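Encoded as structure tokens, the structure appears first; notes follow it.
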Amino acid sequence: MSEPEKLIVDGLRLDGRKFDELRPIKIEANVLKRADGSCYLEMGKNKVIAAVYGPREVHPRHLQDPSRAVIRYRYNMAPFSVEERKRPGPDRRSIEISKVSKEVFEAVIMKELFPRSAIDIFVEVLQADAGSRTACLNAASVALVDAGVPMKGIVTSVAVGKADGQLVLDPMKEEDNYGEADLPFAFLIRSGKIESIALLQMDGCMTREEVRQAVELAKKGALRIYKMQRDAILKRYLEAEEEMEEIAEGREDA
Ligand code: ADP
């Protein structure tokens with residue numbers, strides 16, 4: 001990717017978005033038969049899939065915690081997910097993303113309800129275009145609800161970048177590569193209200209005032225994503241209800 005001369009032209013970003021606009025988002029829950037919960041999510045050109053297993057028995061058993069469930073999170077990028085083939089397997093970056101993402105869900109899942117068990121969250125990045133960790137957190141959150149894992153709220157994640165001196169919501173690849181800063185956020189949202197910041201990372205430089213503005217911009221974006229997560233979950237449960245009704249009707253006919 002060659003460096004563009006400017007990241008913002010006539011007040012618009014290179015993909016035509018305003019500074020406070022998200023990329024198009026698509027969310028579908030319950031996409032994998034063998035997982036307890038799953039989700040496919042697109043955020044712009046990011047395409048990710050999350051699978052949740054558990055609560056289930058911990059292997060190896062010495063990792064069991066008698067007071068709570070162990071939360072495990074694996075972020076993995078497919079070799080074909082980036083422009084130049086990525087070597088398969090974990091690297092420093094994916095280990096770091098897995099660690100911070102796990103900590104987000106440790107704070108949100110009611111893990112004390114499931115002593116000695118494990119809740120495994122696997123996220124696979126099929127296509128990456130900056131902000132893949134945020135897309136994965138959003139997908140994992142929906143997959144956890146799909147699996148029926150009790151949580152204090154929903155995790156919703158979005159980044160704020162700085163491009164040509166301007167704060168931009170949900171930066172894409174060019175803004176991430178050639179911008180001045182990138183701040184991924186995750187929020188805990190309960191009943192439509194932001195309860196707390198569950199993740200805040202920072203790459204690059206921002207002034208104190210810019211960080212304050214970035215938090216506000218991220219919150220606005222997160223509330224919009226939250227609505228889409230909620231819609232995907234509602235759709236999934238409505239489908240389940242219809243299926244149950246069909247089964248019940250089938251029984252009556254028999
Ligand atoms: P995030 O995807 O959460 O923004 P980074 O800021 O570390 O995480 O990465 C930004 C983008 O850089 C990724 O979304 C991806 O498009 C690209 N990228 C990351 N790792 C690699 C890699 N090993 N090879 C090529 N591109 C990569």
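In what follows, every heavy atom counts, from backbone to side chain, and hydrogens, waters and symmetry copies are set aside. Just so it is clear, the structure is predicted and the values come from calculations on it, not from any experiment. Ligands are counted one by one from 1 in listed order, and the atoms in each one are counted from 1 as well.
Using a 4.0 Å cut-off between heavy atoms, Lys86 contacts ligand 1 through its side chain alone, with no backbone atom that close. If you look at Asp176 next to ligand 1, the close heavy atoms, those under 4.0 Å, all belong to the side chain.
What sits closest to atom 2 (O) of ligand 1 on the protein, heavy atoms only, is Ser132 OG, 2.6 Å. At the shortest separation from atom 13 (C) of ligand 1 among protein heavy atoms lies Ala130 N, 3.8 Å. At the shortest separation from atom 15 (C) of ligand 1 among protein heavy atoms lies Ala128 CB, 3.7 Å. Of the protein's non-hydrogen atoms, the one nearest atom 4 (O) of ligand 1 is Gly131 N, 2.6 Å.
Between the choices Asp91, Asn46, Val82, the shortest heavy-atom distance to atom 26 (N) of ligand 1 belongs to Val82. Heavy-atom proximity to atom 9 (O) of ligand 1, evaluated over Arg85, Arg87, Arg93, Lys173, is greatest for Arg93.
Residue Arg133 has at least one nitrogen or oxygen atom sitting less than 3.5 Å from a nitrogen or oxygen atom of ligand 1, judged on distance alone. Residue contacts with ligand 1: Met77 is placed with no nitrogen or oxygen under 3.5 Å of a nitrogen or oxygen of the ligand (distance criterion only). Geometrically, ligand 1 and Ile97 share no nitrogen or oxygen pair separated by less than 3.5 Å.
In summary, Lys86 and Asp91 engage in a salt bridge, as defined by a charged side-chain N under 4.0 Å from a carboxylate O. Classification of Arg212 and Glu216 as a salt-bridged pair fails, no side-chain N sitting under 4.0 Å from a carboxylate O. The residues Asp120 and Arg56 are annotated as salt-bridged, a charged nitrogen and a carboxylate oxygen being separated by less than 4.0 angstrom.
The backbone N or O of Pro171 lies less than 3.5 Å from no partner atom in the side chain of Asp176, so there is not a single donor-acceptor pair.
Classification of the Tyr73-Phe105 ring pair by plane angle, with boundaries at 30° and 60°, yields parallel.
Distances below 4.0 Å separate heavy atoms of Asp129 from the following atoms of ligand 1: 14 (O), 16 (O).
For Phe187 and Phe185, the ring centers sit closer than 6.0 Å to each other.
For Thr156 and Gln229, the side-chain atoms include at least one donor-acceptor pair closer than 3.5 Å.
In this structure, the side chains of Asp182 and Gln201 stay at 4.5 Å or more apart for every pair of heavy atoms.
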